[in-house]
Structures are given as C-alpha cells and as structure tokens.
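Report on one structure; see the data block that follows.
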Protein chains: 2
Amino acid sequence: MPRHRITQADVATIAGVSQATVSFVLNDSAPAGVRISAETKQRVLDAIRITGYSANPAAQRLAGGLTQILGVFTYESTFPRSGRGFYGNFLVGIEHAAEQLGVDILLFTSARVVDGRRQLTRDGWQRLGVADGCLLLGQQEDRGELQHLLDTNYPFVFIGKRGSDRGRLPYVGADYVSATTRQIERLVALGHRRIGYVGLRGTDQPTLDRIEGYRLGMKERGLTARFVELDDVGATAAEIVDQGFTAILVAPENYPDELVDEVERRGTRVPSDLSVLLLGQPHHPRPGGRAWSGFSIPREEMGARALHLLSRLVAADTSRAGTRRPQPPELHQMLACVDVEGSTLAARDGADHRTEDA
Amino acid sequence: MPRHRITQADVATIAGVSQATVSFVLNDSAPAGVRISAETKQRVLDAIRITGYSANPAAQRLAGGLTQILGVFTYESTFPRSGRGFYGNFLVGIEHAAEQLGVDILLFTSARVVDGRRQLTRDGWQRLGVADGCLLLGQQEDRGELQHLLDTNYPFVFIGKRGSDRGRLPYVGADYVSATTRQIERLVALGHRRIGYVGLRGTDQPTLDRIEGYRLGMKERGLTARFVELDDVGATAAEIVDQGFTAILVAPENYPDELVDEVERRGTRVPSDLSVLLLGQPHHPRPGGRAWSGFSIPREEMGARALHLLSRLVAADTSRAGTRRPQPPELHQMLACVDVEGSTLAARDGADHRTEDA
DNA sequence: TCAATTCGATAATGCGCATTATTAGCCCAC
DNA sequence: GTGGGCTAATAATGCGCATTATCGAATTGA
C-alpha cells in the first residue's frame, strides 16, 4: 500500500533543501539568478544516492521536457506476412541508432489491427504522445492519418520512399531504381541479353521503382523488356522456360524458392541455364535454402538513418525561437542497395538459347 | 510557437462543460454520485471528434493511471554478439502478446553499455518509470540491480530460467534439461551408444542445464558421458573423430557449421558417420547452411508468455486493497523445447565404430 | 552607515489528467 | 413550506517535475 516512489520532494527533505533545489542540481542548470553552492549540491547528490531516487518520466514529460523516447509504428502487423524478417532488420538499425542517441524505442503494438493493418487513428493517437517523435514503416499509410500528423506538426519519418505529397513527407528510402538497373549491367556484362522481369505489378513504391529500374536498364542497353506476371508458381515457371530467358529478375515477394524449384523441375538448371537475380532479400527464406544473387536493401542502415533524422526533426521542432535554429535536416535520404554475390548468377553459356531480338 | 496540443480543457470549452465532465465521458466512468446526461455526453463526444483530441499519456500516468506500456530490457547489447537472431524471436512473441494485450512495448535502448552489458542503474532507472512493468532478458544480470527492483516492488519478469534467489524472481524459461535428455533418447533409439557432448562449460543457466540433461540421459541409459571442450575448432573436430563418436550433442554457440566442416574435412560424413544434434537454434546461421537436427527453444512462446505474466503482475500490483485480488499468477513457467527433424541425424550404421564400453 | 549588489536559495505556478468533494436545481412527501 | 432524495453537473485537488518569480542574508561601495 505505501508503495510510494521516491520523489524530488523526499530527496529535498533528506538533504534539507527545497524540491526546486533538487531539480536544479539534477538538471545541472542555473536559471539566471539561481545559484547552488558546491556544498549544498553535494548534500543533494548524496541524498539521491542514498534514496536511489529516479525521476518520474511522466512528470518530466508533463512539465514540458522531452521523454527521450522515439516511437516506431508499423502499419502492417508483423505476423501475418513475413514473420520478423521484414521489419526485423530495420529494427536492428533503429536500435543501434537509439543506443547512440541515448533514446528509448517505443513499439506501438497496441493499435488494433483492422483489415490486416494497424490503425493510427483513435487509440493510436492517444499513444503517440509519449514519444517525442515517430518512425513509420509499412506501405499502407492512410491519407487522413498523414494529414493529421502534418497538421499537428508531430515529428515523424517514413522508412521507405514516399512518392505522394512530394516534399512534405520526410523519409529514408532505398534506391531500388538504380539497384535494379545495375543488375542488368551485371547480367549484360556476363553475356545475357534475354532478361525477364518476374513479379506481380503492385502500386507500392518498391515495385514501381523496380519496374522503372528494369525498363530503364533494358532501354539503355537497347534490350526488350519482358514481363512475366502470373499468380500461379507453376504457370510462371512454365512461362519463364517458354520465353527462353537466360536470366530473370525476381521480386522477393514472389516466392523465388518455389519458383526456381519449378523451373528446375522443367529441366532448366539454375544458374547454368538460367541466372536468377533477386531484387531484395528473400521474404520467406528457407532453412537451408539458396544463396540468392541480386541486391539487398540496406535495412539496418535505413533504420539507423531514419532514427537519426527523426532525432534531428525533434530537436529542430523544440528549439526555441530565441535560440539559433540548427540547420534544417535533409528531409529525404536515398540509400544505395548493395549487390549480393550469391550462387544464382552465371555467365551465359552462349549456345543453345534463342537469339536476342534487339 | 503556439503549438498547443488540444487538451480536455479545450474540449470542455467547446462542449460547454467542465474539464472533469470530459474526463468522465472519456473514461466512461461514473464515480459514485456523478451523472452525465446522454445529451451532454453526446456534445462532449462531438467536440472530441471535431478537435481530434487525444489524451496526453504522460498526464494520464502522472494522475495515477497506467500507461499500458510494458518495457523490455536486454542486458547484453544486441549487436556485438549474435545480431538479431538471438533476441529477435523473443521479440516476435512479445510483440504478438502485446498486440493481444493492447499494450505498447518500450525497448530500453538508452542505457549506456559498459563492458558489453547495459547498466540498469542510474540513467536506466530513470527510464523504467514510464513503463508499468518490465521484461528482462540476458544472462548478465547484476545482483544489486535486482535487489533494487525487488525493493521498489517494480513488476518485472525474466526471460530465461533463474537459478539464484529461488522463488523470488519471476521468470519464463525453457526446459533445456529434459530437452537434452530427450535427444539422447532419440539417438539411442537409432542405435547410437557412443554419444559425446561438445561445448564449453559456462556458468550460464542454459549450459548448466544442457550438461545436466546430458549427464542424466546418459546415466539413465547406462552410457558414459564424454565431454569435448576445446577452444579451437580444428582441434575439437580432431578430438571428435578420434573419440569415435557416432553422435554428438553440440551447443549452438560453438560454431557448429565450422565444426562440422572440419569434421567432414577429416573424412567423417555427417550424418552417415556422425549424427550431430544441436541443442538449440544456431546462433550464427549461415545463408544456405545446414538444416540442423536437435531441438529448438520456443522463443516466441517464451516471449509471449513472459509478457502475459508481466501483465498479470502489473494488474495484481495495482489492484486496490478493497477489490478482490485476482489469483496470484504462477511466478515460474517452464516451457518445453520442440525437437527438430533436420538433416544431421541418421541411424547408426553399426559396423565400423568402436564398441561402446558401457 | 545605508543603499546597491551579489549570493543562495525558496515559494509558487502550471503541465493535463483522474478523482473527490461539493453544489445547484428540482420533485416529492409529510 | 420544508426537509429529504434525486439528478446533473462543477470546483478543487494532487500526481512529480521544470521553471519563474521572489526573498532574505551577506557582501560590497561610497
């Protein structure tokens, strides 16, 4: 019952000073005209040590300070889809950055999931407040919610490029376009000409960018872009074999393991007959599965950079009018993807494939 | 400058009522003797909708409520060691449980890392307060810190069995002992007799339990326990081959991939000549690496169960003396590990191995 | 010697909310 | 017509901290 957390007032009593004095000592601040003697300061510090006092963050926050907590909100619930693989790597980077910055990370897991996506509204809003700012990840953002964020001037940063609302939404993204183009360079350098793109067309930014990168890369080399877009893995595999590709680019969400299994069942060996480049890390890596060639998204770095950006936004946001505002941070950051060696890329064997038409 | 979050007072003004009334409507509570008419209630709700009001959690917490935030503190920094693999799976379970419970998760990433482990003291304490309770994971707990936790009656739960301080420390652990014993049953059933244990002896609970399980299992079958404990992978492999084991149990932190590579380089095939059972998931899984047989720790479930337990502790902790206390939760929970099929286990081929002496 | 200044601190206030105590009006019974 | 009970709300308080305004005593300066 008498569980009463020790407060500054308690410390003050023990040290024989006022609560305000304790606060001053703790914050090591001397608001114009306030002086604390070394001796008094020591007494307060002793009292703090003896009592094991620790500040109540809620009170700190309420009294106008920052919580040193940064939030992470994921639109898609982590579970139905890709287990942890997807957000996990971002989180690693985020945690790392958090450690550097000396802040805590609040995962907004409480927002109810509706139609497979978390709602930032209602309950969601209530919770955001504890954090000084928030990282947003996931594709399914909602216009209304975004508008509200902007209206309230709440600091936030997206992980993943945002096409809409140019310039207003801060984000840290991965450069899918040039990474995809680069894969074509790799293939061409190994003698490939007939290069297909396998994947469903979505309206999500990564997909759009991959396709743009593919188009661009093929065009630059004077090659013809060919898309394979089917639901069924078997049918897709058949189509790939039919088309006589010597190499394909595959989006990672398209079950590349199953796909290649099917292709190989049809007598086409990977990579000797067909090189397969994965446009990102596999979503559902199999235990003991393939080592994919292609590129990987620098998720950890993205997470880290995003948190740093957010931190700067928070700082900029709270800097008083009087103080010299720090240089406004760069709102949009694009990170390069890194090529992955893997074992699904080989030189074109040259002989028995359909000649390229371009 | 005038960024002024909307407060209950604002809402009250708009609705033409008092702040208290807004609070009552929001909490849907009618503290003995307080009545709100349906009409008034509606006006308040309208005002809330119009303004987009959301409560300030810091204020809520300060005013005596719970934040619905549960903390997660990891002693070892995630990075130097095993990347994310280690804590990640726990986190998945924790998140899942958090979703069910409708709480947010606070990762205490701010505590400075000293000698490779996070300090819960000083800064650490300051931060704990926002959360209603806290999950602790990692081996390197500090006695003093624990004592403080107990003293302050702050709700917490360990992930991982705790041997010390019997009975006082709530935890959710994995049953390494019987899982290890069970592996021996598996091996014996396949004709193995000469079964070695490979791994450094540590004083951490998992290691102690694995060794106990091994001893127990071998004893039950009347077999002789043999330990291989070397730093060098090559030397360890040589020793394994020398000893003529037909099967070994390997702790996952002992680089099983490298070990088996070395063993096979010496002409011993896995699993035909030597079965290898991993006592837990690999710490550093190789891309395209082996599918290990053995058992796996139900990390996700552990995380989930731990959070549920914590949640109950928090509830028990804050239930008023007047209200009927709920049944006190079971402070110690041991979860069974699940056997993994994998591809490193085979029946003993029977012929050319040293006969077992037992 | 007396005002002016500096030193060393305290009292008071407010952050936004939950909660307790209090009030104001009204209807009914005696 | 007056006290009791009911309805429908408001006023007031405190949570623990940061911050601002204020104050008393000691030390100067002339």
Side-chain angles (χ1 to χ4, degrees), chain A residues 2-13 15-44 48 51 53-68 125-130 132 318 320 322, chain B residues 2-13 15-44 48 51 53-68 125-130 132 318 320 322:
Chain A
R3 166 143 163 264
H4 163 72
R5 266 185 72 112
I6 291 170
T7 72
Q8 287 190 351
D10 299 326
V11 174
T13 305
V17 297
S18 71
Q19 174 263 318
T21 302
V22 175
S23 178
F24 293 142
V25 170
L26 276 168
N27 298 343
D28 208 11
S29 69
V34 172
R35 317 234 137 191
I36 310 287
S37 69
E39 188 232 357
T40 301
K41 184 170 176 176
Q42 193 51 53
R43 256 188 306 140
V44 172
I48 289 173
T51 55
Y53 164 82
S54 73
N56 179 332
Q60 280 181 301
R61 172 71 170 165
L62 189 57
L66 295 177
T67 46
Q68 302 292 59
W125 286 115
Q126 315 251 357
R127 301 300 180 77
L128 277 192
V130 244
D132 299 330
T318 53
R320 302 278 157 221
Chain B
R3 165 142 164 266
H4 163 73
R5 266 184 72 111
I6 291 171
T7 71
Q8 287 189 351
D10 299 327
V11 173
T13 305
V17 298
S18 70
Q19 175 262 318
T21 302
V22 175
S23 178
F24 294 142
V25 170
L26 277 167
N27 299 344
D28 207 11
S29 69
V34 173
R35 316 235 139 189
I36 310 287
S37 70
E39 190 232 356
T40 301
K41 185 170 175 176
Q42 193 51 55
R43 258 189 303 140
V44 172
I48 289 173
T51 55
Y53 165 82
S54 73
N56 179 333
Q60 279 181 302
R61 173 75 165 155
L62 189 57
L66 295 177
T67 47
Q68 303 292 55
W125 286 115
Q126 314 251 358
R127 303 298 179 77
L128 277 191
V130 247
D132 299 331
T318 53
R320 301 279 157 219

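Naming: A, B, ... by sequence-line order, numbering from 1 per chain. Only heavy atoms go into these numbers, but all of them, side chains included; no hydrogens, no water, no symmetry mates.
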To the nearest 0.5 Å, atom OH of B:Tyr53 lies from atom CD1 of B:Ile6 at 10.0 Å
Distance check, rounded to the nearest 0.5 Å: A:Arg35 atom CZ versus A:Thr40 atom OG1? 13.5 Å
Phosphate-side-chain proximity, [X] and [N], N/O vs OP1/OP2 below 4.0 Å:
{"X": "B:Thr21", "N": "D:dT10", "value": "yes"}
{"X": "A:Thr40", "N": "C:dA9", "value": "yes"}
{"X": "A:Arg35", "N": "C:dC7", "value": "yes"}
{"X": "A:Ser23", "N": "D:dT19", "value": "no"}

Which atom pairs link the protein and nucleotides 11-15 of chain C when you take only N or O atoms and keep those under 3.5 Å?
| from | atom 1 | to | atom 2 | distance (Å) |
| --- | --- | --- | --- | --- |
| C:dC15 | O2 | A:Leu62 | O | 3.3 |

Within the structure shown, what part of the strands sits under 4.0 Å from B:Val22 by heavy-atom distance: base, sugar-phosphate, or nothing? nothing
Separation of atom [atom1] in [X] from atom [atom2] in [N], rounded to whole Å:
{"X": "A:Glu39", "N": "C:dC7", "atom1": "CD", "atom2": "P", "value": "17 Å"}
{"X": "A:Leu26", "N": "C:dA9", "atom1": "CG", "atom2": "P", "value": "15 Å"}
{"X": "A:Ile36", "N": "D:dA18", "atom1": "CD1", "atom2": "C1'", "value": "14 Å"}
{"X": "B:Asn27", "N": "C:dG16", "atom1": "CG", "atom2": "C1'", "value": "13 Å"}
{"X": "A:Gln60", "N": "D:dC17", "atom1": "CD", "atom2": "P", "value": "7 Å"}
{"X": "A:Ile6", "N": "D:dC17", "atom1": "CD1", "atom2": "C1'", "value": "16 Å"}

Where do B:Ala58 and A:Leu62 come nearest, in terms of heavy atoms and distance? CB-N, 4.2 Å
Could you report the tightest heavy-atom contact between B:Arg43 and B:Val17, atom names first, then the distance? NH1-CG1, 4.3 Å
Within a strict 4.5 Å, meaning less than it, do heavy atoms of the A:Lys41 and A:Asp28 side chains meet? yes
Just wondering, do B:Leu26 and B:Ile48 contact through their side chains at under 4.5 Å, heavy atoms? yes
Angle separating the five-pair end axes of the helix from C:dT1-D:dA30 to C:dC30-D:dG1, nearest 10°, is 80°
Test your reading of the model: is there a side-chain donor-acceptor pair from B:Ser23 to the backbone of B:Gln19, 3.5 Å cut-off? no
